[in-house]
Structure formats: structure tokens, C-alpha cells
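So that the names make sense, note that chain A is the first sequence line, chain B the second, and so on, each numbered from 1.
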There are 2 protein chains.
Amino acid sequence: MIADFASFKSDLSLSKRQICRELYHQNRDLIRVRNEDIAVGNLVRIIDSTLKLAASKGFHAMSLRDLSADCRLSIGGLYAYIRNKDDLLHLIQAHGFMLTRRTLLAYTQDIACPRAKLRTAIKAHIFLSELMQPWFYFSFMETKSLPDVHKKQAIDVELEIEDILFGIIQEGIAQDVFAVEQPRLVASSCKAMMQDWYLKRHKYARQQVKATQYATFVSDVLERYLHPTPKL
Amino acid sequence: MIADFASFKSDLSLSKRQICRELYHQNRDLIRVRNEDIAVGNLVRIIDSTLKLAASKGFHAMSLRDLSADCRLSIGGLYAYIRNKDDLLHLIQAHGFMLTRRTLLAYTQDIACPRAKLRTAIKAHIFLSELMQPWFYFSFMETKSLPDVHKKQAIDVELEIEDILFGIIQEGIAQDVFAVEQPRLVASSCKAMMQDWYLKRHKYARQQVKATQYATFVSDVLERYLHPTPKL
DNA sequence: GTCTATAGCATGATAGAC
DNA sequence: GTCTATCATGCTATAGAC
């Protein structure tokens with residue numbers, strides 16, 4: 001179960017350094033720098049800068065000169081970590097996919113009650129995208145311009161998330177906890193609302209809405225719709 | 001009132017040619033071609049091609065060579081319609097803004113009942129984005145890389161739409177038709193679901209969901225949440 | 001009104017000094 | 001391991017022929 005945002009965060013132990021250390025080991029063959037500490041430190045800055053620049057101008061519009069300036073590495077130095085610009089995409093995508101899939105399944109698999117399971121899935125996704133907002137935003141925005149193989153991967157992960165939600169709703173229907181004619185549409189709209197949390201981060205921040213509050217709201221909206229006998 | 005999709009479409013008389021004719025007159029100073037029929041015909045192809053190419057690779061990744069090839073105009077010929085690549089952005093944005101704002105207000109302003117008003121606003125937005133899907137998608141995707149003035153414009157239009165929804169919900173609360181603690185969040189989630197209709201067009205097409213059906217679904221979800229005494 | 005040809009420049013990528 | 005210097009490429013934008 002997820003208690004609150006703070007405990008979710010520490011459970012995942014999602015420090016940037018840790019993520020980049022994993023990334024470094026996954027891509028040893030690609031990265032020409034052997035000293036782990038130096039490499040990880042530079043990776044953190046490279047990825048931070050890429051997500052930042054891509055968020056403001058788009059990945060394609062960002063030049064490697066922009067990037068090298070922002071992450072305080074020379075062009076030459078940068079090329080010790082990637083062979084080309086597409087490697088950057090791959091580097092950033094790979095870890096996010098793994099983490100999303102892993103997290104969502106881990107938190108939902110042991111829950112029997114469909115209502116609790118749905119609430120948990122929503123909470124887990126919103127908390128995760130809160131911690132990794134730049135990654136989620138990047139992934140959504142750049143998917144369309146990915147080379148075919150990576151594009152398919154990205155779309156598959158998206159569908160997988162929706163299928164998890166869909167599955168939970170169907171369980172609920174089977175157990176007579178939920179009653180609804182178009183369960184697939186409910187899953188889609190759930191996805192849409194969760195998506196808005198990382199796409200329109202600024203808007204919600206201005207309204208001073210917190211992740212926990214938003215998760216509760218989304219769950220409430222869906223539950224009212226899914227409930228078979230609304231408060232008789 | 002909106003009867004069905006077909007009548008909405010003919011009411012709006014949204015032929016590409018007509019939109020481009022308006023665009024041509026709005027930008028007479030910019031466009032160096034004096035023969036209206038030729039100019040309008042070429043504008044249709046230029047904009048069609050831009051929306052198409054930008055949707056698949058992103059606006060920045062699309063070169064003017066790609067564009068000129070796709071719209072069957074030489075590079076030189078293309079430059080009779082725009083001074084530079086940014087003019088293209090402006091050309092495409094301007095008309096969409098006007099149309100969205102105008103349509104939403106026109107269909108909602110004379111409705112007194114908040115419930116009917118909300119349903120109509122949702123329907124109008126979904127129908128409009130169905131007719132202009134490539135434009136809505138483009139606008140969403142490219143807003144971030146717009147020059148500051150145009151970026152502000154784009155964000156303002158977005159907020160305006162949300163404010164219209166918010167206003168309707170507040171009217172409903174004042175009239176005791178709706179009861180809800182966080183009306184702003186309801187407006188946001190409404191926007192998020194309407195947005196998904198044009199962002200994930202392919203997904204809904206695969207599920208064979210039609211615009212009318214989707215509009216009804218979104219309205220139902222929100223109404224169940226907004227209703228003060230759920231089916232007592 | 002549209003074409004072809006090309007100027008001028010910024011970019012991704014590499015090679016070799018430190 | 002990182003830097004500076006440089007190359008080849010592909011881009012936007014223009015000039016002048018038709």
C-alpha cells in the first residue's frame with residue numbers, strides 16, 4: 001500500500017544519482033568514460049539539461065551546442081557519453097519505461113479489492129509522474145519523432161498502463177463492485193486525467209493543488225461513475 | 001443548440017478553402033501573390049502539408065524542403081506566402097484561435113440551464129476538435145516552442161476555454177443544480193478529457209468511438225460527480 | 001507567379017592536443 | 001577525460017531566369 005507521498009518517494013529511492021548510476025551500467029558499451037563517479041556526475045547533468053532544454057524548445061530544436069553549454073561539458077566531452085543525438089533519446093527513454101512498468105505493477109499486484117486497487121494505481125501513477133515530471137513530459141512530447149522501434153516501445157508502454165486500469169475495472173465489474181457500460185472509455189479517461197497532471201504541471205501548481213489531493217479527486221470522479229447504486 | 005455532428009459541421013461551414021480564404025485576406029500584406037484563387041489554392045496545400053509533416057516529425061524537424069516537396073511548390077514559390085518559418089506558425093495559429101473562441105461562445109451564450117450549457121460546451125468543443133483535429137494537435141504540440149508573444153496568446157486561449165467551463169459550473173452551484181467542493185478541478189479534468197480526444201485520435205478511432213458518443217460519455221462522468229443528490 | 005541555382009550559415013560529428 | 005579546432009552536411013533564405 002501507499003501511505004503518503006513522502007513514504008512513496010523514499011520507497012522508490014529515486015535520487016537522480018541512483019537513476020543515472022543504473023543508466024551508466026546499462027550502457028557501459030556506449031559510454032567511453034571508465035571512472036564511474038565522474039561518468040555518473042556528468043550523466044546527471046547531461047540528462048537534466050536535455051530534459052530542461054527539450055521542455056522549452058523541443059528536442060529537435062535543441063542543438064548539441066546548447067546542450068553542451070548548459071551541462072558544462074564541451075562538445076567533444078559530450079560525445080564520450082553518446083555516439084549521436086538519437087543515443088540521447090534512447091538513454092532517457094529506457095530507464096523511464098522500466099521504472100513506470102515496474103512501479104505500477106509492484107503497487108497493484110497484491111491488492112484484491114478492485115476499488116482499492118484502482119485508487120492505488122491512480123495514486124502510484126500520479127506520485128511517480130510527480131517525481132519524474134520532466135521525464136514524463138519529455139516522453140509524451142517526443143514519442144512521435146522517435147525512430148520506429150523506439151516509437152513502438154513508447155506506445156506499447158502507454159497501452160500497457162491503460163490495460164492495467166482496464167483490467168482492474170473489469171475485475172470490479174465481475175465482482176459487482178462496479179457497473180458501467182463502457183469500461184474501456186473509463187480507463188481512457190482515467191489515463192487522460194493522470195496525463196494532465198504531468199503535462200500541465202504549472203497550471204496545477206498555480207492552483208496549489210498537491211499530488212495527493214489530485215489523486216483523490218481523480219479517484220472520486222471515477223468511483224462515482226463506476227459505482228452501481230449511487231448512495232441509495 | 002447542437003443537434004448532431006452533421007448539422008454542427010454544416011452550420012460552421014468549415015471547408016478548408018473558406019478558412020484559407022479568410023486567412024489570405026487577414027494576411028494580404030504578408031503574401032506576395034495577388035491572384036486570390038491561386039493563392040487560396042496554394043495556401044490550402046501549404047497548411048495541409050505543414051500540419052501533416054509537423055504531426056509526424058514535429059515542426060522544427062520538418063525542413064522547408066520537405067514542405068515544398070509535399071505541397072508541390074518550389075522553395076522559391078513557398079516564400080511568396082511566408083517570409084520565414086515562423087510566419088508559418090503564425091498563419092496556422094491565428095485562424096484556429098479565432099474559430100475556437102467564437103464557436104464555444106456562440107453555442108453556449110444563450111443557454112440558461114447550467115446542465116444543458118455544460119453538455120453543449122463539451123459537445124461543441126469535441127465536435128470542433130473533430131473537424132480540426134490536425135490544427136488542435138499542432139497547436140498543443142508546438143505551443144512550447146513559440147516566440148513569447150504567440151506563446152502567451154496560445155496559453156490565454158487555453159485558459160479562456162477552461163474559464164468558460166469553470167463559469168458554467170459556478171453558475172450551476174449558485175443555482176443549486178451542482179454541488180461540488182473543487183469546481184476548478186472539475187473544469188480542469190473536463191478540459192483534460194476533451195483534450196485527449198484530439199491528442200489520441202488514433203486510439204479512439206481503433207475503439208470505434210464516435211465524437212457524439214465520446215461527448216456524451218464525458219458529460220455523464222462529470223454530471224454524476226457534479227450532481228448534488230445522486231439519484232435518490 | 002513560379003522556377004532553378006546558390007549564398008551564407010548553423011548544425012552534428014570527428015581528430016588530435018593537452 | 002576533456003578540450004579546441006575543424007569538416008562535411010543540410011538548412012533557411014535570396015536572386016535572377018522564365
Side-chain angles (χ1 to χ4, degrees), chain A residues 20-21 23-24 27-47 49-50 53-54 56-92 142 145-147, chain B residues 20-21 23-24 27-47 49-50 53-54 56-92 142 145-147:
Chain A
C20 285
R21 195 171 299 274
L23 259 185
Y24 172 68
N27 295 282
R28 264 252 180 71
D29 48 336
L30 205 150
I31 298 169
R32 293 207 319 269
V33 178
R34 306 287 235 99
N35 182 319
E36 182 170 323
D37 286 335
I38 290 175
V40 170
N42 283 336
L43 265 181
V44 170
R45 294 209 313 283
I46 291 172
I47 289 176
S49 296
T50 305
L53 293 172
S56 75
K57 1 164 79 181
F59 182 73
H60 259 96
M62 170 199 84
S63 76
L64 292 186
R65 279 176 173 72
D66 293 341
L67 177 59
S68 84
D70 199 276
C71 71
R72 283 166 298 151
L73 260 157
S74 69
I75 296 274
L78 187 57
Y79 270 86
Y81 295 86
I82 51 169
R83 287 165 306 183
N84 50 54
K85 212 178 168 184
D86 278 350
D87 273 359
L88 244 185
L89 277 175
H90 177 70
L91 212 59
I92 291 178
E142 306 302 338
S145 40
L146 253 36
Chain B
C20 285
R21 195 171 300 274
L23 258 185
Y24 172 68
N27 296 282
R28 263 251 178 72
D29 47 337
L30 204 149
I31 298 170
R32 295 204 320 268
V33 178
R34 305 287 236 100
N35 182 318
E36 182 170 322
D37 286 335
I38 290 174
V40 171
N42 282 337
L43 266 182
V44 171
R45 294 210 312 283
I46 291 172
I47 289 176
S49 296
T50 305
L53 293 172
S56 74
K57 2 163 79 181
F59 183 72
H60 260 97
M62 171 198 84
S63 76
L64 293 186
R65 278 176 175 67
D66 294 341
L67 178 59
S68 83
D70 199 275
C71 71
R72 284 165 298 152
L73 261 157
S74 68
I75 296 274
L78 186 58
Y79 270 85
Y81 296 85
I82 52 168
R83 287 166 305 184
N84 50 54
K85 212 177 167 183
D86 279 349
D87 273 358
L88 244 185
L89 278 175
H90 178 70
L91 212 60
I92 291 178
E142 306 302 338
S145 41
L146 252 37

Colleague: For the pair made of CD1 in A:Ile46 and P in D:dT2, what is the distance, rounded to whole Å?
Modeller: 9 Å
Colleague: Heavy atoms only: give me the nearest A:Ser74-A:Ser68 pair and the separation to one decimal.
Modeller: C-CB, 4.0 Å
Colleague: Are B:Asp87 and B:Asn27 close enough that some pair of their side-chain heavy atoms sits under 4.5 Å apart?
Modeller: no
Colleague: Can you tell me how far P of D:dA13 sits from CG of B:Leu73, to the nearest Å?
Modeller: 16 Å
Colleague: Starting at atom CG of A:Leu67, determine the distance to atom P of C:dA10, rounded to an integer number of angstrom.
Modeller: 19 Å
Colleague: Hey, what are the protein-to-nucleotides 10-12 of chain D N/O distances that come in under 3.5 Å?
Modeller:
| unit_1 | atom_1 | unit_2 | atom_2 | d |
| --- | --- | --- | --- | --- |
| D:dT12 | OP1 | B:Leu64 | N | 3.3 |
| D:dT12 | OP2 | B:Leu64 | N | 2.8 |

Colleague: In whole Å, I'd like the distance from the CG atom of A:Asp87 to the P atom of C:dG12.
Modeller: 14 Å
Colleague: Taking the minimum atom-to-atom distance to the side chain of A:Tyr81, which one of C:dT2, C:dG1, D:dT2 wins?
Modeller: D:dT2
Colleague: Rounded off to whole Å, could you give me the CG-to-P distance for the B:Leu78 and C:dG1 pair?
Modeller: 16 Å
Colleague: Taking it one step at a time, do A:Lys85 and A:Leu67 satisfy side-chain contact (heavy atoms from CB on, under 4.5 Å)?
Modeller: CA-CA 11 Å; A:Lys85 212 178 168 184; A:Leu67 177 59; over 6 Å; no
Colleague: Should B:Arg32 and B:Arg83 count as side-chain neighbours, where that means a heavy-atom distance under 4.5 Å?
Modeller: no
Colleague: Do the non-hydrogen side-chain atoms of B:Lys57 and B:Asp66 ever get within less than 4.5 Å of each other?
Modeller: yes
Colleague: Does B:Gly76 or B:Arg34 map to a spot on DNA chain C nearer the 5' end, using the closest nucleotide for each?
Modeller: B:Arg34
Colleague: Within this structure, what is the CG-to-P distance between B:Leu43 and C:dG1, rounded to whole angstrom?
Modeller: 13 Å
Colleague: Closest approach of B:Leu89 and B:Phe59, non-hydrogen atoms and distance?
Modeller: CG-CE2, 3.6 Å
